[in-house]
Amino acid sequence: RGKQAMSPFLCCPCAGGNEVGEFVDVDAKAAIPVESCKGIESAAEVGEPGHFEVNIVRSAEQQTLGIVVDCLTGRMLQVNTVSPGLVADYNRTALEGRRLVSGCYILEVNGRKDSVQAMIEEMQNAEKLKLRVAPKEEFTVTFKKEGRPLALDLHFLPESNCLIITKIGEGLVKEYNEATGDEKRKIGVMDRIFEVNGLSGKAPTLMQAIKATDEVTVKVGRPKL
């Protein structure tokens, strides 16, 4: 499928031809509901600083996990929304920084990290689940376009709440990356734009906000690694 030019970005508004596309349903929803896991028991820090582990056990009494996960990158799952259910119940008692909330990234499910399909199938079918979770790390950058392009390729679906950067071309973002001395604040491929000029919402809304003004402030997020 071809990419559509939407100055100052190029965007690919649908998945296709790869593993990611296989897990976006035919109605072009950006997230997959996972309702098979029951009974979150505990969370503990594991692996990289800030990462934590959530253990889940199925039970006859508890049946709804209550989360929607986004698999657009094909590499990891991001929690898109949390609705009433076991995750919301768990979050009410979990320590801050150990809650499975919108924006968190699920990096592994029972040691599986080779594909989002394997991770989702494990979440749906395994009796016991061990999730390795990374919180979202964010920073903001302001660009004054003045007729010049940001020169990004973006991937998104209409129901997604972010824009995924898939390529950085010759333009303002590349120049910003070359000028900044802080490696953690460089914008990279597979980073996500969650907010534009203080506005959050669905991906098409973010695109319109980028196009609407000459000065653009974007909030960029990625898993804390």
Side-chain angles (χ1 to χ4, degrees), residues 1-16 18 20-21 24 28-31 48-50 68-81 97 101-105 107 134-225:
R1 298 176 180 126
K3 294 180 180 180
Q4 300 176 1
M6 290 189 179
S7 180
F9 286 76
L10 295 177
C11 68
C12 178
C14 56
N18 56 28
V20 180
V24 178
K29 295 180 180 178
E48 298 293 331
V68 172
V69 294
D70 176 327
C71 63
L72 283 173
T73 66
R75 299 179 181 180
M76 62 189 72
L77 306 175
Q78 188 183 42
V79 179
N80 194 343
T81 60
V101 297
S102 177
C104 282
Y105 294 83
L107 307 179
K136 181 171 63 174
E137 186 173 64
E138 294 180 315
F139 61 97
T140 59
V141 183
T142 298
F143 297 97
K144 292 185 178 180
K145 293 183 286 187
E146 298 177 337
R148 302 184 59 203
L150 296 176
L152 296 177
D153 282 9
L154 299 177
H155 178 99
F156 72 91
L157 289 166
E159 292 303 312
S160 180
N161 62 0
C162 65
L163 307 169
I164 298 175
I165 299 169
T166 59
K167 183 179 178 180
I168 300 174
E170 298 292 334
L172 293 173
V173 173
K174 183 178 180 181
E175 292 176 7
Y176 160 79
N177 283 342
E178 292 172 346
T180 185
D182 188 343
E183 291 294 324
K184 290 187 176 181
R185 292 184 62 85
K186 290 185 177 181
I187 297 172
V189 171
M190 293 303 159
D191 283 352
R192 298 175 180 230
I193 297 173
F194 289 95
E195 193 173 292
V196 179
N197 292 340
L199 177 70
S200 59
K202 298 300 183 183
T205 300
L206 299 178
M207 284 297 304
Q208 289 299 319
I210 288 171
K211 294 161 62 179
T213 61
D214 184 67
E215 183 169 308
V216 177
T217 299
V218 294
K219 180 177 285 186
V220 180
R222 61 173 70 116
K224 186 175 183 180
L225 301 175

Shortest non-hydrogen pair, Met207 vs Leu154, comes out as SD-CD1, 3.7 Å

Could you tell me the separation between the CD1 atom of Ile210 and the OG1 atom of Thr205, rounded to the nearest 0.5 Å? 11.0 Å

Rounded at 0.5 Å granularity, tell me how far OH in Tyr105 sits from CZ in Arg75. 12.0 Å

For the atom pair CZ (Phe156) and CG (Asp70), what is the distance rounded to the nearest 0.5 Å? 13.0 Å

Side-chain contact, heavy-atom cut-off 4.5 Å: Pro158 with Lys202? no

For Glu170 and Ala151, which heavy atoms make the closest approach, and how far apart are they? O-CB, 3.3 Å

Reported OG1-to-CD distance for the pair Thr81 and Glu159, which is rounded to 0.5 angstrom: 11.0 Å

On a heavy-atom basis, the closest approach of Pro135 and Cys104 is CA-SG, 4.3 Å

Side-chain (Asn177) to main-chain (Ile187) donor-acceptor, under 3.5 angstrom: yes

Would a distance-only check, ignoring hydrogens and angles, find a side-chain to backbone donor-acceptor pair under 3.5 Å from Lys186 to Glu178? no

Can you list the steps and then say if Ser102 with Asn80 is a side-chain hydrogen bond (donor to acceptor under 3.5 Å, both in side chains)? CA-CA 5 Å; Ser102 177; Asn80 194 343; 5.1 Å; no

Which value, rounded to the nearest 0.5 Å, describes the distance between Leu163 atom CG and Arg192 atom CZ? 10.5 Å

N-O pairing of Lys224 and Glu137 below 4.0 Å: no

Does the side-chain contact (heavy atoms from CB on, under 4.5 Å) test come out yes or no for Ile168 and Leu152, once each step is laid out? CA-CA 5 Å; Ile168 300 174; Leu152 296 177; 3.7 Å; yes

Tightest non-hydrogen contact, residues Ala209 and Val196, listed as CB-CG1, 3.7 Å

Atom of Ala134, atom of Leu107 and distance for their closest heavy-atom approach: CB-CD1, 3.8 Å

Output for pair (Leu150 CG, Lys145 NZ), nearest 0.5 Å, gives 6.5 Å

Close side-chain approach of Glu146 and Asp214, heavy atoms under 4.5 Å: yes

Counting distance only, does the side-chain N/O of Arg185 pair as donor-acceptor with the main-chain N or O of Thr140 below 3.5 Å? yes

Is there a donor-acceptor pair under 3.5 Å between the side chain of Asn197 and the backbone N or O of Leu199? no

Run the numbers on Phe139 and Arg222 for side-chain contact (heavy atoms from CB on, under 4.5 Å), then give the verdict. CA-CA 9 Å; Phe139 61 97; Arg222 61 173 70 116; 3.5 Å; yes

Ignoring hydrogens, what is the shortest heavy-atom contact between Leu77 and Cys71? Give both atom names and the distance. CD2-CB, 3.8 Å

In terms of side-chain geometry, is the basic nitrogen of Lys136 or Glu138 positioned less than 4.0 Å from the acidic oxygen of its partner? yes

Just do the side-chain contact (heavy atoms from CB on, under 4.5 Å) check on Tyr176 and Leu172 with the steps written out, would you? CA-CA 6 Å; Tyr176 160 79; Leu172 293 173; over 6 Å; no

